[in-house]
Amino acid sequence: RLKSGQLELIALRSPAEIASLRARALIEMNMFQCCQTHQLGNVDDAELKVTQHVRAESELPVLLRIGRPGLRRPSYKQGDDNVACVVISAPSDDLASEGSSGSQQPESEEASADTSPNASAWENSEASVSVADPEEGRPWRRPELLRVRSTDFGTLLQQTREKMTHQGATFGDYIANRYGSNARLPQFVGGEHVPTLALINPHSGARAGRDILEIARATPYYQDRFFNIVDVVRDQYRGGLLDVFRLELNAAKEEAKAMGVRARVVSGGGDGTASFALFIIFAALRADDDRADEGLADAGNGFIWSDEEFQACFPALAQLPLGSANDFGNTLGWGRKYPGSQTFRVSTSQRTAAEGALHDWLAAVLDRGAQVANFDMWGIMPSAGEECCDFKVCDLAGPRGHDPKVTVDGQRQLMMKEAKTPVPMFACLYFSAGFGAYMTARFQINRRGHPLQNKFEYARQAAGILAEAVPPQLNRCLGGVQISCGGKHYFPPRGEGEGEGGEKYREVGFLNINWQAGMGHGSDRAPTWERLTSKREPAKFNDGKMDMYRLKLTSPLKTGMNRQTDKKGGTMSLRFEGGKGKGIFFQWDGEARFAFSPSGDPFSINVRKILNIPVVLGPGYDRKLCGEPLVGNEGVNFGFAGESAQERSEVRERILRYVRGELNGELNASRAELVSAGLPCEEEIC
């Protein structure tokens, strides 16, 4: 596991001999193939694939051993401490009889001894293994090798924990911690406080996330269970942070079961971080039969937890508001701003006050008396009977500023680039297409470093859209869009007269929570008099319904920031038809993408409820705004959603594909697809 430097693979026999067999060995991180001496530069936690042309007609035993950097070879750079050597030899008589005149042997046993950081794990650990093709099943493992793997895995985990604990949360330039240099988190009392983990974005909240992580590193209990979510995503290799998170999650599950409660996970960041945290949890619980001996055996559903364990033990989410709008945190009662944000933090007493606010916030999360409720999670799924979606997505590119368009063929046009993660999957808070999504896509190019600056940037981009001509990549407003909910037509509304179609509307979508962009709410559609004189049902996050809305440019003049909504069940299917080179912007939880068909054919974006998850309600939960939280007949639980066992199975498989990274290729457009669609592309990418 190397962050930098070089990895040298040395075959102790000639390339011709080694090319006659296939050798597969698990070394620290991943399966890889080795056939000859090979030099790699700038290894950065990537899967090691040395060759692609090794073939074998029969299985041969091989000897596996790690050599220290001092192993003297012509290609080895003396004094380079970042070099590790992997020695693979085949000492069997069968292979030796094939000819050994070109083979090379280490100059001494001392030269091949391992003095690297993992030396204790691999010392005297040579083991004979049978090598098989991946297509023919998992390689046979002898007990000796399993013992070596177990020792090595423990060493890797220990190194990762030490790095996590001592590295802190610094990112280059040093800025004083807003909570004080001696700040600590409240003492965790086992058996009294609910076992809690955290996944925090250090860059969110004007780096308030960094400060909280820094305090956690200096506080017992939290130093092992508060994770930098960015690092966890990066360190998904064997023995990395994802493995450490899995072990802590399993431990918290057992501790919580003994207390008769459900463990909790703090999601710290903007509104999209909740979906990000769910991705991490599912990725940590994904089964891997090649690592069954390390606790990743399949429970029969593709995960290491059984369906019963998921239902009873899936952790409840609490949202730490570190973003700009903080719609999720505010809805659940955890505040519109991070704890301590109102304090100036200039003097020692002010920093102490900020630390006290952080203590109070976290104490509410740990309190076993905090209410836990069900929460509907929606997701983007293929059309019924299909395995894949029929559209592709890309990101808006262009220069920073009030107008991202560029001049192409004498016309101002939108420029696109290949999309990055996350791919569209979980929709936790809301979904929309049209004006708001286009505004969000432009904002993503111009994101600022402070929440208040970001709010002004949203307003600037909105004003720009209203003042500019419609680019050729978009239809006018929502022209070409049709939506059905539960199989019944919803948009454009019928019976409004000739020409009153999608072109008259600027946005359509649904709310899952009764809060959007820090200002918008939803309540059931009603005539003007009823809106003024009666109380209407608000948008609720656990009634199993989408609160659909549609907006014209003049809608705010009639209803203000409150939106008239229609509660709909089943699948929302948005069908777009615009021809080649055209598409539509959509956004989910504040993340925007441009959807299109490379061939220009009509396509559909389908959204339906896919999960029921538990959430923790904070002391600021507003029942007047969000309604009384529904518990349901079966209490608070986790579940894959669907009207049938088949639909629930499809959701489970879709999530597994998501955490395996398979949806990236399905949904993210390639360079060829962008060019095929006739979309202007960023030069350095396309």
Original post:
Do the non-hydrogen side-chain atoms of R593 and D395 ever get within less than 4.5 Å of each other?
Top reply: yes
Original post:
Checking Q453 side chain against R448 main chain: does a donor-acceptor pair fall under 3.5 Å?
Top reply: no
Subject >> Pair R525 + D566: basic N to acidic O under 4.0 Å >> reply: yes
Original post:
Does the cation-pi check pass for R550 over F491, that is, NZ or CZ under 6.0 Å from the six-membered ring centre and within 45° of its axis?
Top reply: no
Subject >> From R654, R652, Q646, residue fulfilling side chain to side chain donor-acceptor pair (under 3.5 Å) relative to E650 >> reply: Q646
Original post:
Does the side chain of Y338 come within less than 4.5 Å of R178's, by heavy atoms?
Top reply: yes
Original post:
Quick check: does any side chain N or O of H521 sit under 3.5 Å from a backbone N or O of N514, one acting as donor and the other as acceptor?
Top reply: yes
Subject >> Between CZ on residue R648 and CD1 on residue I610, distance to nearest 0.5 Å >> reply: 14.0 Å
**OP:** Grab the two heavy atoms, one from N668 and one from K420, that are nearest each other, plus how far apart they are.
**Re:** ND2-O, 4.2 Å
**OP:** For T565 and S523, indicate whether the former's side chain and the latter's backbone hold a donor-acceptor pair under 3.5 Å.
**Re:** yes
Subject >> Ring centroid separation F314 to F282 under 6.0 Å >> reply: yes
**OP:** Would you confirm whether E386, through its side chain, and P382, through its main-chain N or O, come within 3.5 Å as a donor-acceptor pair?
**Re:** no
**OP:** Determine whether L278 and Y658 make a side-chain contact, defined as any pair of heavy atoms from C-beta on separated by less than 4.5 Å.
**Re:** no
**OP:** Output yes when R412 and E468 qualify as a salt bridge under the 4.0 Å nitrogen-oxygen rule, no when they do not.
**Re:** no
Original post:
Are side-chain heavy atoms of S267 and L199 found at a separation under 4.5 Å?
Top reply: no
Subject >> Approximate separation, where rounding is to 0.5 Å, of K405 NZ and L396 CG >> reply: 9.5 Å
Subject >> Side chains of I380 and L667 in contact at under 4.5 Å (non-hydrogen atoms) >> reply: no
Subject >> Polar side-chain atom of Q319 near backbone of G270 as donor-acceptor pair, under 3.5 Å >> reply: yes
Subject >> Straight-line distance of I605 CD1 to F431 CZ, nearest 0.5 Å >> reply: 5.0 Å
**OP:** Kindly indicate whether a cation-pi arrangement holds for R442 with F585, taking the cut-offs as under 6.0 Å to the six-membered ring centre and within 45° of the axis.
**Re:** no
Subject >> With sequence neighbours excluded, residues passing side-chain hydrogen bond (donor to acceptor under 3.5 Å, both in side chains) with R476 >> reply: none
Subject >> Least distance between heavy atoms, P399 atom then P404 atom >> reply: CD-O, 3.3 Å
**OP:** Considering non-hydrogen atoms only, spot the tightest contact between G635 and N374 and give its length.
**Re:** O-ND2, 3.2 Å
Original post:
About how many Å separate NZ of K567 and CE of M546, when rounded to the nearest 0.5 Å?
Top reply: 11.5 Å
**OP:** Without swapping roles, check the side chain of K609 against the backbone of K545 for a donor-acceptor pair under 3.5 Å.
**Re:** no
Original post:
Does the pair R657/E666 count as a salt bridge with the N-to-O cut at 4.0 Å?
Top reply: yes
Subject >> Under the side-chain contact (heavy atoms from CB on, under 4.5 Å) test, residues paired with T331 that sit two or more places apart >> reply: I513, W515, F541, C626
**OP:** State the CE-CG distance between M415 and L674, to the nearest 0.5 angstrom.
**Re:** 12.0 Å
Original post:
Does N446 use its side chain to pair, donor to acceptor, with the backbone of G401 at less than 3.5 Å?
Top reply: yes
Original post:
Under the side-chain contact (heavy atoms from CB on, under 4.5 Å) criterion, do L322 and N201 qualify, and how do the steps go?
Top reply: CA-CA 8 Å; L322 295 173; N201 186 343; 5.8 Å; no
Original post:
Judged by atom type as modelled, is there a donor-acceptor pair below 3.5 Å linking the side chain of D589 to the main-chain atoms of L429?
Top reply: yes
Subject >> Backbone N/O of G323 and side chain of N326: donor-acceptor pair under 3.5 Å >> reply: yes
**OP:** For the pair F279 and F276, name the ring-plane relationship: parallel under 30°, tilted 30 to 60°, perpendicular over 60°.
**Re:** tilted
Original post:
Would you say the side chains of Q461 and Y438 form a donor-acceptor pair under 3.5 Å?
Top reply: no
Subject >> Smallest separation among heavy atoms of V372 and V636, with atom names >> reply: O-CG2, 3.2 Å
**OP:** State the CE-CG distance between M439 and L466, to the nearest 0.5 angstrom.
**Re:** 10.0 Å
Original post:
Sequence neighbours excluded, which residues qualify as side-chain contact (heavy atoms from CB on, under 4.5 Å) partners of R575?
Top reply: P602, S604
Subject >> Pairwise side-chain contact, F510 with M572, heavy-atom cut-off 4.5 Å (strictly under) >> reply: yes
**OP:** Side-chain contact test, heavy atoms from C-beta onward, threshold under 4.5 Å: evaluate it for L320 versus W334 and give yes or no.
**Re:** no
Original post:
Does the side chain of F375 come within less than 4.5 Å of L317's, by heavy atoms?
Top reply: no
Subject >> Main-chain N/O of D543 paired to D376 side chain as donor or acceptor, under 3.5 Å >> reply: yes
